[in-house]
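Order of the sequence lines sets the chain letters (A, B, ...), proteins ahead of strands, with each chain counted from 1.
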2 protein chains.
Amino acid sequence: MDNRPVTERRRTLGALLRLPYEALQREVYGGLAARGFPEIRPAHSAVFRHIGPDGARLTALAERAGMTKQSMAYLVDGLEEAGHLRSAPDPNDGRARIVRLTVRGERVLDALLDLSAEAEARVADRIGKRRAAKLRKALEEWVDAITVASPR
Amino acid sequence: MDNRPVTERRRTLGALLRLPYEALQREVYGGLAARGFPEIRPAHSAVFRHIGPDGARLTALAERAGMTKQSMAYLVDGLEEAGHLRSAPDPNDGRARIVRLTVRGERVLDALLDLSAEAEARVADRIGKRRAAKLRKALEEWVDAITVASPR
DNA sequence: ATCACTAGACAGATTATCTGACGAACTGTC
DNA sequence: GACAGTTCGTCAGATAATCTGTCTAGTGAT
């Protein structure tokens with residue numbers, strides 16, 4: 001049995017992941033807005049995370065992001081309208097569209113990665129370089145354990 | 001400049017927090033469904049996280065959860081309909097309603113905390129006890145740093 | 001040629017959030 | 001007391017981000 005007081009029991013790993021994650025997200029998407037991309041919302045990262053330099057099919061993006069084609073289409077439509085993506089029919093498959101980042105879209109991806117690195121550096125300043133390195137290492141280990149168990 | 005390859009640059013702290021968090025959430029809410037509470041969805045945790053043994057006002061819950069009164073009212077309504085909460089007028093303030101957990105609601109909170117602790121134990125099994133302890137410690141430090149900076 | 005499968009679109013629903021406006025109730029000051 | 005300003009919760013309406021189910025067109029293997 002767990003006899004610790006509720007306030008302590010409530011400090012779950014989930015909460016300890018969620019709070020920093022939300023803080024990070026505020027920093028990164030705030031920074032993105034400040035850099036001239038206020039239209040990019042957190043959900044859009046599902047696209048930027050999984051699109052490669054040669055673009056990808058809608059279905060491939062959806063599968064990698066673990067969501068339905070319809071949901072991914074919704075996100076892609078928004079980004080295409082804002083000029084971050086451009087889609088063209090696949091010459092090898094008449095059913096498929098290939099979605100690619102535009103130059104503007106590549107700038108967003110770059111800004112996203114920059115801002116993330118900056119935010120991580122600030123974390124290291126706050127909690128110490130060693131501790132931040134251990135944090136990253138432990139998370140990487142955990143993510144690897146998850147990923148082999150149920151590949152994305 | 002950051003000259004690491006894109007695949008490595010993409011392994012941001014955000015991603016390293018998000019993936020475990022999502023995995024954890026699946027485990028916990030899956031477990032909750034298995035324990036007979038399939039109607040509890042992740043968003044509802046905003047209520048369980050912030051309600052105390054003596055209940056709370058809607059407005060207080062909303063503020064603690066960092067959302068609008070309207071959004072919190074939506075979540076509370078759902079939980080009240082499902083019998084996890086019961087709300088009564090505040091005898092000291094005619095405007096206010098006090099929302100309290102029912103016995104069923106308390107069982108949910110208990111299950112939530114149990115499942116979280118179990119999930120954390122499984123993480124320790126996977127990545128090692130020492131590493132898991134360091135992970136928790138680093139996250140606690142980070143959360144504390146966030147919380148003093150912008151108290152919730 | 002046909003037939004099973006796949007890519008993406010369309011229609012419609014659900015969940016979880018928001019903003020703005022509002023009436024009722026409380027609180028402090030005159 | 002009366003009045004002004006604040007706070008509590010609700011209503012109406014909108015938006016974001018997801019889902020299921022159905023459909024057409026295209027592919028590919030027999």
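- Within 4.0 Å (heavy atoms only), A:Thr59 reaches sugar-phosphate atoms of the nucleic acid but no base atom.
- Not a single donor-acceptor pair under 3.5 Å links the side chain of B:Ser45 to the backbone N or O of B:Phe48.
- Taking the nucleotide of DNA chain C with the nearest heavy atom to each of B:Tyr74 and B:Met67, the more 5' of the two is matched to B:Tyr74.
- Which of C:dA9, D:dT18, C:dT17 sits closest to the side chain of B:Ala43 comes down to C:dT17.
- Side chain of B:Ser87 to backbone of B:Ile98: no donor-acceptor contact under 3.5 angstrom is found.
- Side-chain atoms of B:Thr102 never come within 3.5 Å of backbone atoms of B:Arg86 as a donor-acceptor pair (strictly under, hydrogens ignored).
- To the nearest angstrom, P of D:dA12 lies 16 Å from NZ of B:Lys69.
- In this entry the distance linking CG of B:Leu61 with P of D:dG9 reads 9 Å, nearest Å.
- Atom C1' of nucleotide D:dT18 and atom CG of A:Leu58 are separated by 14 Å, given to the nearest angstrom.
- Atoms CD (B:Glu81) and C1' (C:dT15) sit 15 Å apart, rounded to a whole Å.
- Look at CZ on A:Arg57: it is 13 Å from P on C:dA9, rounded to the nearest Å.
- Judged by distance alone, with hydrogens and angles left aside, A:Gln70 brings a side-chain donor or acceptor within reach of the base of D:dG21, the pair sitting under 3.5 Å.
- Remark: the backbone N or O of B:His50 is paired with a side-chain donor or acceptor of B:Arg64 at under 3.5 angstrom.
- With distances taken from any side-chain atom of A:Arg95 to the nucleotides C:dG8, D:dT27, D:dC8, the minimum falls on D:dT27.
- Going from atom CD of B:Glu39 over to atom C1' of C:dT15 covers 15 Å, rounded to whole Å.
- Between the P atom of C:dT15 and the CE atom of B:Met72 lies a distance of 18 Å, rounded to the nearest Å.
- With DNA chain D read from its 5' end, the first of the two nearest nucleotides for A:Leu75 and B:Asp77 is the one closest to B:Asp77.
- A:Asp93 comes within 4.0 angstrom of sugar-phosphate atoms only, judged by non-hydrogen atoms across all strands, and of no base.
- Rounded to whole angstrom, the span from the CZ atom of B:Arg97 across to the C1' atom of C:dA25 amounts to 15 Å.
- In terms of modelled atom types and a separation under 3.5 Å, the side chain of A:Arg10 and the main chain of B:Arg49 share a donor-acceptor contact.
- An OP1 or OP2 oxygen of C:dC18 is reached within less than 4.0 angstrom by a side-chain nitrogen or oxygen of B:Thr68.
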